[in-house]
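What follows is a set of notes on a single structure, which appears directly below.
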There are 2 protein chains.
Amino acid sequence: MKLVIVGGVAGGASAAARARRLSETAEIVVFERGPEPSFANCGLPYYIGGEIREREKLLVAKLEVLQRRYRLDVRTGTEVVAIDRPNRQVVARRLADGETYRESYDALILAPGAAPVRPPIPGIELPGVFTLRNLEDSDRIKATLEQGVRRAVLVGAGFIGLELAENLVRRGVETTVVELQDQVLPPLDREMTTPILQELRQRGVRVFLGDSAESIAPQEGGLSVALRSGRSVAAELVVLGVGVRPESRLAVEAGLAVGPRGGIQVDDRMRTSDPAIFAVGDAVEVRDFVAGAPAQVPLAGPANRQGRIAADNVFGRDSRYRGTQGTSIVGVFNVVAAITGQSEKALRRAGTSYQKVYIHANHHASYYPGARPLSIKAVFDPSGGKLYGAQVVGEKGVANRINVFAMAIQAGMTVFDLEEAELAYAPQFGSAKDPVNLVGFVAANLVRGDYPQVSVEEWEMGGDDRAPLIDVRTPREYEAGRIPGAINIPLEELRNRLSEIPRNRPVVVHCQVGMRGYMATLVLRQNGFEAANLAGGYKTYRLFHPEDEAVS
Amino acid sequence: MKLVIVGGVAGGASAAARARRLSETAEIVVFERGPEPSFANCGLPYYIGGEIREREKLLVAKLEVLQRRYRLDVRTGTEVVAIDRPNRQVVARRLADGETYRESYDALILAPGAAPVRPPIPGIELPGVFTLRNLEDSDRIKATLEQGVRRAVLVGAGFIGLELAENLVRRGVETTVVELQDQVLPPLDREMTTPILQELRQRGVRVFLGDSAESIAPQEGGLSVALRSGRSVAAELVVLGVGVRPESRLAVEAGLAVGPRGGIQVDDRMRTSDPAIFAVGDAVEVRDFVAGAPAQVPLAGPANRQGRIAADNVFGRDSRYRGTQGTSIVGVFNVVAAITGQSEKALRRAGTSYQKVYIHANHHASYYPGARPLSIKAVFDPSGGKLYGAQVVGEKGVANRINVFAMAIQAGMTVFDLEEAELAYAPQFGSAKDPVNLVGFVAANLVRGDYPQVSVEEWEMGGDDRAPLIDVRTPREYEAGRIPGAINIPLEELRNRLSEIPRNRPVVVHCQVGMRGYMATLVLRQNGFEAANLAGGYKTYRLFHPEDEAVS
């Protein structure tokens with residue numbers, strides 16, 4: 001068996017190591033265009049920022065180890081420029097001298113990755129304008145920074161863009177982020193990104209949403225970025241992070257099937273339309289296993305697993321890829337945001353019916369020092385309660401909870417299962433009722449039809465006719481900040497003040513996070529009122545209306 | 001409906017709140033023996049240590065809130081001393097004046113909790129000797145500490161005992177822990193507690209294992225604790241933490257069915273043998289849903305959920321308790337240990353066949369600063385791969401991983417599912433191949449029969465005839481510490497040094513954590529050797545043999 005692998009980073013490196021474990025006798029050739037075989041992509045912003053000091057650290061599998069431990073024939077600095085499928089050969093080109101040669105294969109695994117999108121902006125080729133994909137890009141950005149950069153513009157507020165923003169601020173660079181959408185972190189629902197946006201602004205990052213770079217021009221001592229809004233931002237460094245596209249040119253030219261978004265199409269064995277050719281990682285189209293639809297999900301974890309699976313199948317094992325659920329996490333200064341499964345907007349786009357809940361709770365027992373608030377949003381099937389997706393944002397305990405939701409989604413669990421989840425509790429690590437349990441409690445109540453809930457958007461859609469809003473928090477909470485138009489009747493007084501509440505029309509009640517509002521809703525409904533609880537209370541309202549902090 | 005609840009802490013308080021939400025009109029009476037209704041049990045050691053400063057903080061539901069928000073009739077300082085089942089009445093006694101009275105019920109929920117075991121040790125009644133169950137115990141221990149305690153003896157090295165040890169050291173108290181078993185944290189497997197034991201000793205705690213307190217006697221200015229080993233330890237404070245027993249006297253006297261360990265027997269609706277009486281929390285016998293056997297599991301999370309379920313059923317809802325999986329976590333200075341599901345020793349006791357794996361990996365990407373090692377042990381069905389239990393020990397990321405395993409066990413997932421788990425990865429939060437995935441990889445390889453593994457115990461059982469051991473680490477690693485008798489052939493040289501390895505008998509290979517040993521095992525087996533990999537490598541060996549640090 002002679003296996004050729006194109007690309008030596010996450011998916012390719014995993015495929016190569018797995019292949020060797022499956023066969024001591026196979027000939028395994030790995031072509032890697034870059035000068036290093038396997039590096040830690042996700043560490044690049046932190047290397048630029050200086051958090052990761054030694055470049056060496058990012059080289060996860062050194063050439064020598066791959067050669068000596070796995071006996072791999074790794075050819076760095078060599079690009080595969082064509083696939084000759086009839087003859088089962090690839091055409092490789094050595095970048096150093098431009099020489100090309102042919103290499104035969106019995107099986108071929110394509111792991112070429114994805115390339116940053118380079119939008120057609122005038123001036124994109126100017127010195128000082130970069131994309132960030134590999135170590136060499138990082139080296140160039142770092143070198144530019146070391147020449148003295150006072151101001152930077154980052155185009156795109158995705159995961160890498162925001163990580164880079166943090167790292168540039170850490171280096172003392174005045175940083176501006178420009179994002180086409182009306183929110184940062186586009187994979188998340190907008191309101192769940194509010195704490196990230198606030199953190200960025202608090203740390204001095206200028207963020208322009210709903211805006212884009214129209215052109216970049218040289219100016220005295222640097223660059224000037226003209227935005228669609230008419231703004232103009234001066235900078236010595238511009239980094240474009242507006243997404244990636246699969247590197248599928250090789251596959252397209254070889255006549256392999258490619259999806260509408262450019263991803264190489266594979267079956268669940270990672271096999272392309274040519275049975276001798278497999279493809280893995282950011283270059284392939286995967287199945288989103290929650291939605292069941294094709295998707296492009298450029299993530300390192302899935303790439304690694306796909307590499308193993310492709311190698312398994314090359315050596316005749318029946319190994320299948322189940323699809324991707326898109327679990328992602330990002331830290332932006334002190335705030336962490338994460339998602340797994342479907343967002344609300346994705347469900348809405350797909351026309352899937354859903355229900356949602358918001359939970360605001362501390363990351364560990366409130367009575368233990370250092371408890372920090374978490375906000376969680378979960379979306380689920382309104383009839384059966386099956387969990388579709390979750391988003392978590394907060395300072396601490398975010399990875400913990402998103403991983404719990406990721407397991408629940410993988411297992412096809414329902415919100416009833418979340419009620420029962422038995423998670424670790426000691427005061428410094430959790431709560432007797434973990435935030436995940438709270439999601440389960442609230443969501444299960446809704447699926448059971450115990451009481452109605454109204455979302456902030458639904459309530460506001462009523463416009464001038466919207467239902468009267470009763471704020472059941474304490475007068476002190478009410479005074480400190482309230483929803484315009486809300487009437488304050490504290491829960492403790494509610495039973496004695498029922499006469500103040502309109503009987504002939506629906507009313508909405510709310511508290512700080514939804515818990516007292518839930519109790520108030522039940523009190524009112526058991527007394528004959530048509531009451532509903534505002535989902536997630538005042539804290540959720542503030543995720544939708546962050547600027548409007550003043551008391552109305 | 002008139003509902004009477006005996007006990008107002010975790011399970012009782014949850015039942016009462018849930019009951020009110022289900023019915024505005026029910027009469028709900030809560031009897032609580034203590035002066036406060038609901039307090040945070042699990043915070044007591046940290047209140048004693050001063051980490052939690054305000055006593056107030058531990059009162060999770062204040063009397064006034066319970067009365068005004070939930071309209072509960074809470075009677076603190078009142079003990080229920082008898083149940084008159086034929087007349088559906090309880091007999092209550094006010095502790096202040098000793099007066100008793102009767103209270104009728106339609107439904108009764110017992111949530112009396114568990115009491116610390118007081119072993120029959122002479123001197124146990126002396127001043128300065130305590131158990132720790134409630135706020136009043138904490139107050140007494142705190143008062144004693146404030147009188148000036150230089151030395152303390154803790155009898156029992158369970159979760160609370162070790163939390164207390166940390167908190168006493170924090171207060172500058174010389175602390176000795178005495179434990180009957182040959183390990184700390186008896187619910188865990190012994191080798192997994194090694195890092196906790198080392199941490200205790202490094203922090204100056206004296207730990208005597210396999211020993212017990214025989215008697216306590218007064219001596220000049222304090223107490224003297226005589227141990228079974230003949231040692232005698234002087235102290236001004238002695239705290240007994242040798243376990244709890246269900247407070248089931250009331251149930252027993254009322255003729256309710258009680259299990260062999262003293263737990264009140266209930267069905268999955270938390271109903272006792274009397275259909276009008278329910279019981280929840282530490283006082284009941286639950287079903288361990290992994291083993292399917294009855295168990296006593298005194299944990300706050302399950303108590304809370306049982307309280308909700310009992311209330312549901314009182315009001316005619318079909319709500320069921322699924323059983324407990326015993327998820328627990330404890331922090332001891334900087335080291336955290338956690339367990340969920342079955343331990344190896346529990347499986348062995350039950351005669352269940354199992355396989356196990358050990359993983360040693362960093363809690364987040366190794367290339368990002370601050371990565372700390374985690375050790376994970378997982379036990380699973382050797383044929384189907386179903387996960388039975390997991391234990392995690394390390395400084396960081398422990399709660400995160402134990403929660404992932406807890407969800408996997410709840411969902412009945414297999415080690416194949418762990419391979420596929422899509423967990424959060426950014427360099428500061430995880431790894432592209434999370435430690436949980438590594439558990440899946442190694443365990444799935446074993447279930448598939450890809451290669452044989454030998455545990456440290458199995459290898460050592462061979463005695464003088466044990467298989468030759470080949471250490472495939474680097475010479476530097478080998479020199480820094482090795483397993484007695486091991487021969488060093490680095491993995492990179494293995495293929496060229498096959499002639500040095502015996503062909504006519506089984507050999508065992510090992511590396512640092514098991515990864516290179518796995519590769520070496522495959523190399524040898526593909527070359528005709530009868531090789532097996534030492535489970536979890538040198539790091540696992542050192543969990544079994546922590547003292548033996550010297551190079552042989």
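To find a chain, count down the sequence lines: A is the first, B the second, and so on, and within it residues start at 1.
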Toward chain B, the part of A/T324 with a non-hydrogen atom under 4.5 Å
both

Does any heavy atom of chain B fall under 4.5 Å from the side chain of A/R305, the backbone, both, or neither of them?
side chain

Tell me whether B/D312 is salt-bridged to B/R18, with the criterion being a basic N under 4.0 Å from an acidic carboxylate O.
yes

Exam field: side chain B/D288 to backbone B/Q325, donor-acceptor pair closer than 3.5 Å
no

Using heavy-atom distances under 4.5 Å, tell me whether A/R53 contacts chain B through its side chain, its backbone, both, or neither.
neither

Are A/E422 and B/Q410 close enough that some pair of their side-chain heavy atoms sits under 4.5 Å apart?
no

Non-hydrogen atoms of chain A under 4.5 Å away: do they reach the side chain of B/R21, the backbone, both or neither?
both

Engaged part of A/E64 at the chain B interface, taking heavy atoms whose separation is under 4.5 Å
neither

Which region of B/M413, side chain (C-beta onward) or backbone (N, CA, C, O), has a non-hydrogen atom less than 4.5 Å from a non-hydrogen atom of chain A, or is it both or neither?
side chain

For B/R317, is it the side chain, the backbone, both, or neither that has a heavy atom closer than 4.5 Å to a heavy atom of chain A?
side chain

With no hydrogens and no angle check, just 3.5 Å: does a side-chain donor-acceptor pair link B/K433 and A/S14?
yes

Contact part of A/N445 toward chain B, heavy-atom cut-off under 4.5 Å: side chain, backbone, both or neither?
side chain

With a 4.5 angstrom heavy-atom cut-off, could you sort out which part of B/A365 is near chain A: side chain, backbone, both or neither?
neither

So, the part of A/F441 with a heavy atom under 4.5 Å from chain B: the answer is both

Side chain, backbone, both or neither: which part of B/R401 has an atom under 4.5 Å from a heavy atom of chain A?
neither

Quick check against the 3.5 Å criterion: does B/Q391 have a side-chain atom that pairs as donor or acceptor with the backbone of B/I339?
no

Do NZ/NE/NH1/NH2 and the carboxylate oxygens of A/R448 and A/E419 come within less than 4.0 Å?
yes

Could you have a look at A/A421, A/A406, A/A426 and say which one has the most heavy-atom pairs with chain B under 4.5 angstrom?
A/A421

Chain A contact via B/F416 - side chain, backbone, both or neither, heavy atoms under 4.5 Å:
both

How about B/D434 and B/S431: does a side-chain donor come under 3.5 Å of a side-chain acceptor?
no

Under 4.5 Å from a heavy atom of chain A, the part of B/Q428 involved:
side chain

Any chance you could lay out the side-chain contact (heavy atoms from CB on, under 4.5 Å) test for A/F39 and A/V9, step after step, and finish with the verdict?
CA-CA 6 Å; A/F39 65 91; A/V9 188; 3.8 Å; yes

Of the backbone (N, CA, C, O) and the side chain (C-beta and beyond), which part of B/L22 lies under 4.5 Å from a heavy atom of chain A, both, or neither?
backbone

Under 4.5 Å from a heavy atom of chain A, the part of B/L59 involved:
neither

Counting only non-hydrogen atoms closer than 4.5 Å, does B/V336 touch chain A with its backbone (N, CA, C, O), its side chain (CB onward), both, or neither?
side chain

With chain B, which of A/V398, A/L491, A/I309, A/D417 has the greatest number of heavy-atom pairs at distances under 4.5 Å?
A/D417

Could you look at B/Q526 and say if it's the side chain, the backbone, both or neither that has a heavy atom under 4.5 Å from chain A?
side chain

Name the residue from A/Q67, A/R69, A/R71, A/R68 that meets the side-chain hydrogen bond (donor to acceptor under 3.5 Å, both in side chains) definition with B/E492.
A/R69

For chain A, which of B/Y47, B/Y367, B/F159, B/Y70 has the most heavy-atom pairs under 4.5 Å?
B/Y367

Okay, side chain of B/N437, backbone of B/L418: is any donor-acceptor separation there less than 3.5 Å?
yes

Tell me, side chain or backbone of B/I402 under 4.5 Å from chain A's heavy atoms, or both, or neither?
side chain

Relative to chain B, which segment of A/R525 carries a heavy atom at a distance below 4.5 Å: side chain, backbone, both, or neither?
neither

Which region of B/Y46, side chain (C-beta onward) or backbone (N, CA, C, O), has a non-hydrogen atom less than 4.5 Å from a non-hydrogen atom of chain A, or is it both or neither?
side chain

If you count heavy-atom pairs within less than 4.5 Å of chain A, which of B/L522, B/N403, B/L58 leads?
B/N403

All heavy atoms of B/A371 vs all of B/S366, minimum pair found to be CB-CA, 4.1 Å

Report yes or no: does A/S328 contribute a side-chain atom to a donor-acceptor pair with the main-chain N or O of A/G326 at less than 3.5 Å?
yes

Sort A/V330 into side chain, backbone, both or neither according to what part of it lies under 4.5 angstrom from a heavy atom of chain B.
backbone

